[in-house]
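Everything below concerns the one structure shown next.
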Number of protein chains: 2
Amino acid sequence: MPGAIQSIERAAAVLRLLGGAGRPLALAELAAALDLPRPTVHGIVRTLRVEGLVEQDSSTSLYSPGPGLRSLAEGWDRHDLRSRAMNWADALAGSSGCAVYLGVPAGRAVSLVHHVFRPDGSPQRLRTNTEQPLHATAWGKCLLAFAPVATPALRDLELHRYTRRTTTTVTALETQLAGARRRGCATDVGEFEAGIGGAAVPLRTGGGLAVAALGIAGPVEELFGAGGEPRPRLVEQLTAAGREISAFLGAAR
Amino acid sequence: MPGAIQSIERAAAVLRLLGGAGRPLALAELAAALDLPRPTVHGIVRTLRVEGLVEQDSSTSLYSPGPGLRSLAEGWDRHDLRSRAMNWADALAGSSGCAVYLGVPAGRAVSLVHHVFRPDGSPQRLRTNTEQPLHATAWGKCLLAFAPVATPALRDLELHRYTRRTTTTVTALETQLAGARRRGCATDVGEFEAGIGGAAVPLRTGGGLAVAALGIAGPVEELFGAGGEPRPRLVEQLTAAGREISAFLGAAR
DNA sequence: GCACGTCGTTCGACAATGTCGAACGCCCGG
DNA sequence: CCGGGCGTTCGACATTGTCGAACGACGTGC
């Protein structure tokens, strides 16, 4: 099919028009400039609006370039992400009673961009801006499972042993990741620090692309039930927070 | 059709993936991440490459975000445009023997971002960063003709009279613009300064969107033949330069 | 050096999919 | 109150994108 895809060409033209004209444009203007019927253009801008690449003023109904364009060009940077997720992260710490971490991929490791202390007043060390292994933490495994293109291939990881429970073989790690994908949530049962476990869910931007992991951490016996499964109440709170942050990052209102 | 357009959604997802992964990606990686057949993804990236939103390394054939993404998000700013067009503008002045201007839309006027003196050594005043009327200069009319969304509607212009030949009615201006569109080149026969004429062609970015006008200026009798038509040799040089700059700004390849 | 795997790419048939005429409700100016 | 503009929805049609199959090139491990 050596030919360009029509609708994508047209969508690009719409974006260029909106960016080039320094002011919000009406649908009819776009349609006239592109020499296309209004319903056709409307379908395109509706899609772009859902993707967050175009905004529509709710009162004038004029269209202008959306915030997603910038993030398309530059990706999400860590500070951006942190400031947007902070409110939910704090609330999650309060409701779950756990420490909360926000991790993004950084080469062969996961970098923690945010850390909320567990709200019980116990002594804790701030872990912001530290790096942790991908294969031994809930947030690391979460990124491996849901953001495969932003993380190294499994066979390129050094599966260093941190505790007795650390996973050190590729195949075992793969089955864990498959389970995490199925469940929508990755876990760590004391694999990095003995006795300290965690659970993490992906944060996704507009297109469903995972860009970060939101995790909670605490004593293993507090996070996990007898069967080794994470406690449903916590998983629910975690996934709910993840969904909300994703919805906020993601374009779709 | 209250549903998103599939191919545009997918294209956006591709762009996000390429932007999110900090490294060039292989086609197969994209296909795997999107869970789509490789030919399907190939069609999408081919289109995006033509649009300049994606680049493909010719040796590794890996895909990465293209330069057009940035210009999508920010449009072309005047300094950018100037630096990119300068080489050709200087050469055009040399070969044509005329002064060369580069104009961009600025509200109800055309703003001159670059000015090359005519190479005959005659005394001239630098016009960079001055504004001139849209309706009375070749570059202004060029923008009106080819960049209608970035310029005001004709009826919102004040058609002020500068010389005896200035066009001061909307209908006359419209027929001139139609002629310019047909010819691909707008002209000015001493309508702003008596005896000084000009000709201008649009500069287009990736999608064919006109963002600036490239013009030459000189004595009317030098630029125009007896019939009032611009001299073919000059028009040819001008359009050739415009094509080359557009190709450089433009995405393709 | 052969066979194999994987890559990016092309071809082509099918049907899913986007396109666009017609029509709706809405707001504004006459 | 009407006429004309807007953004938006509906729906039938056929255009158009999708994807299985296949090709040539490249690199690898028997």
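Sequence lines set the chain letters: A, B, ... in the order given, protein chains first and strands last, and positions in each chain run from 1. Because the structure is a prediction, the values reported are computed rather than measured.
- The neighbour count for A:Arg82 CZ, taken as heavy atoms of other residues, nucleotides or ligands under 6.0 Å away, is above 12.
- Closest of all the heavy-atom pairs between B:Pro105 and B:Leu143 is N-CD1, 3.5 Å.
- Per the geometry, CG belonging to A:Leu48 stands 14 Å off C1' belonging to C:dG18, to the nearest Å.
- Atom P of C:dG21 sits at a distance of 13 Å from the matching atom of D:dT16, rounded to the whole Å.
- Nearest heavy-atom pair, B:Pro24 versus B:Glu29, reported as atom, atom and distance to 0.1 Å: O-OE1, 4.4 Å.
- Considering only side-chain N and O atoms, B:Gln6 lies nowhere under 4.0 angstrom from the phosphate OP1 or OP2 of C:dA16.
- Between the CG atom of A:Leu36 and the C1' atom of C:dG21 there is a distance of 14 Å, rounded to whole Å.
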Anything under 3.5 Å between a donor and an acceptor, one on a side chain of residues 238-245 of chain B, the other on a protein residue two or more places apart or in another chain? List them.
{"from": "B:Thr239", "atom 1": "OG1", "to": "B:Val235", "atom 2": "O", "distance (Å)": "2.9"}
{"from": "B:Thr239", "atom 1": "OG1", "to": "B:Glu236", "atom 2": "O", "distance (Å)": "3.0"}
{"from": "B:Glu244", "atom 1": "OE1", "to": "B:Trp88", "atom 2": "NE1", "distance (Å)": "2.9"}

Pairs under 3.5 Å (N/O, protein and nucleotides 4-8 of chain C):
{"from": "C:dG8", "atom 1": "OP1", "to": "B:Leu27", "atom 2": "N", "distance (Å)": "2.6"}
{"from": "C:dG8", "atom 1": "OP2", "to": "B:Ala28", "atom 2": "N", "distance (Å)": "3.0"}

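- Taking atom CZ on A:Arg10 and atom P on C:dG18, their separation rounds to 12 Å, with Å as the unit.
- Here, D:dC2 and D:dC6 have their P atoms 22 Å apart, quoted to the whole Å.
- Nearer to the 5' terminus of DNA chain D, by closest-nucleotide assignment, is the contact made by A:Val45 (compared with the other of A:Ser7 and A:Val45).
- Atom CZ of B:Arg161 is separated from atom NE2 of B:His135 by 9.0 Å, given to the nearest 0.5 angstrom.
- Whole-Å rounding puts the A:Ile44 CD1 to D:dG7 C1' distance at 15 Å.
- A donor-acceptor pair under 3.5 Å links the side-chain atoms of A:Thr166 to the main chain of A:Glu191, judged by distance alone.
- Rounded to a whole Å, the CD atom of B:Glu9 is 14 Å from the C1' atom of D:dG17.
- No more than 12 heavy atoms of other residues, nucleotides or ligands sit less than 6.0 Å from atom CZ of B:Arg38.
- Rounded to a whole Å, the CG atom of B:Leu30 is 11 Å from the P atom of C:dT9.
- Candidate nucleotides C:dT19, C:dA22, C:dT9 were compared by shortest atom distance to the side chain of B:Ile5, and C:dT19 ranks first.
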